[in-house]
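Scroll down for the structure; my scribbles are underneath it.
Proteins come first, then strands; the chains are lettered A, B, ... in the order of their sequence lines, and each starts at number 1.
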2 protein chains.
Amino acid sequence: MTFGGKPTERGESRATVEYVLLGLLAIQPSGEIHGYDLGRALADGVIGQIVRVEPGMLYHYLKRLSRDGLLSTRVEAQVGRPDRQLHSLTAEGWNSLSTWLAAPVRSTREIRLEFLIKLYLSRQLDPAQARRLVLEQLNVMNARSQRLEAQIQATYPSTPDYVFGETILQLREGQTRAALEWLNSLPEASDSSESGNE
Amino acid sequence: MTFGGKPTERGESRATVEYVLLGLLAIQPSGEIHGYDLGRALADGVIGQIVRVEPGMLYHYLKRLSRDGLLSTRVEAQVGRPDRQLHSLTAEGWNSLSTWLAAPVRSTREIRLEFLIKLYLSRQLDPAQARRLVLEQLNVMNARSQRLEAQIQATYPSTPDYVFGETILQLREGQTRAALEWLNSLPEASDSSESGNE
DNA sequence: CCCGCCATGTAAAAGGTTACATGATTTA
DNA sequence: TAAATCATGTAACCTTTTACATGGCGGG
């Protein structure tokens with residue numbers, strides 16, 4: 001279908017769901033969890049309101065993450081039940097997760113998915129990092145808002161198509177402003193704290 | 001990946017891109033067009049800013065639509081160039097397109113894709129229909145906004161997860177309100193016209 | 001006794017992306 | 001003479017969805 005503004009930039013890395021799994025693993029007190037429990041934690045928790053992962057995909061992704069060295073897996077034998085595959089983050093896994101968590105998202109659309117997850121996870125893993133994330137995201141959205149405003153100000157020929165193009169820009173600008181206001185309402189945005197932004 | 005709130009309700013019908021193709025065909029003065037030109041019309045026009053369709057997919061969808069009886073295709077022979085497949089809408093194609101155009105979208109996310117396309121097309125095909133679409137979309141978003149507000153008002157336990165759930169709701173509500181304001185800014189929303197809603 | 005839970009998967013199908021094939025013809 | 005345009009597609013590949021397989025065990 002290829003929706004959205006950018007050319008499907010998946011060049012960089014892995015799917016959001018994989019980071020969700022890494023993140024859920026990271027916030028386990030025990031440090032390890034098996035697929036079934038992970039599925040329940042996902043379905044029952046807040047993150048389940050944002051992302052949905054079918055069992056088939058869940059195990060598929062866990063395999064992939066293990067294959068790629070982001071998880072290490074040990075088997076716990078059980079009596080009368082299938083063995084549990086207990087997964088835990090490797091150093092590489094932590095690394096990959098931290099890098100992902102640190103990067104603000106580019107588009108408004110992504111705020112409603114990736115950013116929410118990043119915020120949720122980094123609040124639990126590292127509040128200072130959460131603050132940095134929010135501030136950087138504010139910068140990104142501010143830049144975006146200004147770019148859109150400039151585009152709207154620019155004079156167009158008044159053919160119907162250009163007029164419609166302006167209407168599109170106005171929608172995007174409104175969505176961006178709403179996101180900005182929401183970001184500013186977060187505790188991380190108003191916190192008096194000296195930990196500067198980068 | 002399976003994002004979004006609802007269970008991927010694609011039970012009803014076909015992909016948005018297919019309606020885009022039907023719609024672009026519908027607004028051709030000649031009533032017919034071949035794939036290559038369609039691709040250019042898409043890439044050059046405003047719709048290209050919303051959806052992107054690779055050539056491979058384009059011809060694939062045209063075949064599907066032909067197979068399903070929404071398009072009829074005639075071949076125009078050419079010298080020194082491949083033959084042109086000239087497509088035009090069948091009665092069933094018009095029907096399918098009109099039904100799709102008449103239905104408002106459910107979520108805020110879909111406003112930025114499907115609704116924009118519906119608006120663009122129905123403005124050119126039937127302005128009265130465009131007015132109905134906008135008004136119905138306003139109703140949908142109003143209902144959504146009120147539902148979200150009610151959810152936010154409801155008292156939660158103040159566990160971190162519930163607090164975060166509320167934060168999510170606030171984001172959604174902000175996005176919905178922005179969409180409402182944008183809808184209200186459209187000429188269709190303020191037009192003094194007697195053509196009632198439904 | 002039947003159903004649903006536990007825990008892991010596999011297999012098939014559907015959908016989407018990317019790159020390339022073809023081959024004449026106009027443009028630089 | 002090289003490149004881009006025209007016009008249509010195919011093939012290979014990846015991702016996602018859906019449904020089902022397994023098999024003991026606890027609850028109604």
Side-chain angles (χ1 to χ4, degrees), chain A residues 1-4 6-21 24-25 32-44 51-68 71 73-87 113, chain B residues 1-4 6-21 24-25 32-44 51-68 71 73-87 113:
Chain A
M1 227 177 272
T2 328
F3 286 130
K6 311 289 142 131
T8 324
E9 34 189 287
R10 86 169 58 255
E12 45 216 15
S13 40
R14 41 192 70 247
T16 308
V17 193
E18 300 184 80
Y19 292 109
V20 171
L21 301 185
L24 277 179
L25 231 163
E32 59 178 14
I33 194 171
H34 57 98
Y36 195 85
D37 265 9
L38 225 175
R40 264 198 318 205
L42 205 92
D44 299 350
V51 196
R52 191 158 306 172
V53 185
E54 254 38 65
M57 279 275 93
L58 178 68
Y59 290 109
H60 167 69
Y61 280 125
L62 287 174
K63 269 231 159 114
R64 258 172 60 109
L65 290 169
S66 245
R67 184 201 67 191
D68 297 352
L71 297 184
T73 306
R74 71 178 180 87
V75 178
E76 192 185 55
Q78 293 206 122
V79 283
R81 299 197 171 284
D83 293 348
R84 287 171 166 170
Q85 314 277 317
L86 284 160
H87 308 282
L113 297 171
Chain B
M1 227 177 270
T2 328
F3 286 130
K6 310 290 143 133
T8 326
E9 34 188 287
R10 84 168 60 256
E12 46 216 13
S13 39
R14 43 190 72 247
T16 308
V17 192
E18 300 186 78
Y19 292 111
V20 171
L21 300 185
L24 277 180
L25 231 162
E32 59 179 14
I33 195 172
H34 57 98
Y36 194 85
D37 264 9
L38 226 176
R40 264 198 318 205
L42 204 91
D44 298 349
V51 196
R52 191 159 307 171
V53 185
E54 253 40 63
M57 282 272 95
L58 178 69
Y59 291 108
H60 167 70
Y61 280 126
L62 286 174
K63 269 231 157 115
R64 257 173 62 108
L65 290 168
S66 244
R67 185 200 67 191
D68 297 353
L71 298 184
T73 305
R74 76 179 177 86
V75 178
E76 191 186 53
Q78 293 205 124
V79 283
R81 300 198 170 285
D83 294 349
R84 287 173 165 167
Q85 314 276 317
L86 284 160
H87 308 282
L113 296 172

Length of the NE2-C1' vector between B/His34 and D/dC6, whole Å: 9 Å

Under 4.0 Å protein heavy-atom contact, by nucleotide of nucleotides 19-28 of chain C - B base, S sugar-phosphate only: ----BSS---

Any side-chain heavy-atom pair of B/Met57 and B/Val17 under 4.5 Å: no

pair A/Leu42-A/Val51: side-chain heavy atoms closer than 4.5 Å: no

Nearest listed nucleotide, side chain of A/Lys63, among C/dT17, C/dT10, C/dC6: C/dT10

Test: A/Asp37 and A/Arg84 ion pair at under 4.0 Å: no

Phosphate OP1/OP2 of C/dC6: any A/Arg40 side-chain N/O under 4.0 Å: yes

Distance in Å, A/Asp68 CG paired with A/Lys63 NZ, rounded so as to fall on 0.5 Å steps: 13.5 Å

Nearest-angstrom distance from the residue atom CG of A/Leu86 to C1' of C/dT8: 13 Å

Length of the CG-C1' vector between A/Asp83 and D/dG23, whole Å: 13 Å

Pair B/His87-B/Leu38, side chain to side chain contact (heavy atoms under 4.5 Å, CB included): steps then yes or no: CA-CA 10 Å; B/His87 308 282; B/Leu38 226 176; 5.6 Å; no

Residues that A/Arg81 engages under side chain to side chain donor-acceptor pair (under 3.5 Å), provided they are two or more places apart: none

For atom CD of B/Gln78 and atom C1' of D/dA7, their distance in whole Å: 8 Å

Nucleotide C/dG9, atom C1' - distance to CZ of A/Arg67 in whole Å: 17 Å

d(CE, A/Met57; P, D/dT15) in whole Å: 9 Å

The helix from C/dC1-D/dG28 to C/dA28-D/dT1: angle between end helix axes, five pairs per end, rounded to 10 degrees: 20°

Touch class at under 4.0 angstrom, heavy-atom based, for A/His60 against every strand present: nothing

Length of the CG-P vector between A/Asp37 and C/dC6, whole Å: 9 Å

Contact under 4.0 Å: A/Tyr59 side-chain N or O vs C/dG9 OP1/OP2: no

Proximity to the side chain of B/Glu54 - top-ranked nucleotide from C/dT18, C/dT8, D/dG9: C/dT18

Interatomic distance, A/Leu38 CG vs C/dG9 P [rounded to whole Å]: 13 Å

Closest non-hydrogen atom pair between B/Tyr59 and B/Tyr36, with its separation: OH-N, 3.5 Å

Any side-chain heavy-atom pair of A/His34 and A/Glu76 under 4.5 Å: no

Residue B/Tyr36, side-chain heavy atoms: nucleotide from C/dT17, D/dA7, C/dC5 that is nearest: D/dA7

Under-4.0 Å side-chain N/O to phosphate OP1/OP2 contact, A/Gln85 with C/dT8: no

Member of A/Thr73, A/Leu62, A/Ile33, A/Leu71 meeting the side chain to side chain contact (heavy atoms under 4.5 Å, CB included) criterion with A/Gln85: A/Thr73

B/Leu21 side chain near B/Leu58 side chain, heavy-atom distance below 4.5 Å: yes

Residue whose nearest DNA chain D nucleotide is more 5′ - A/Arg64 or B/Arg84: B/Arg84

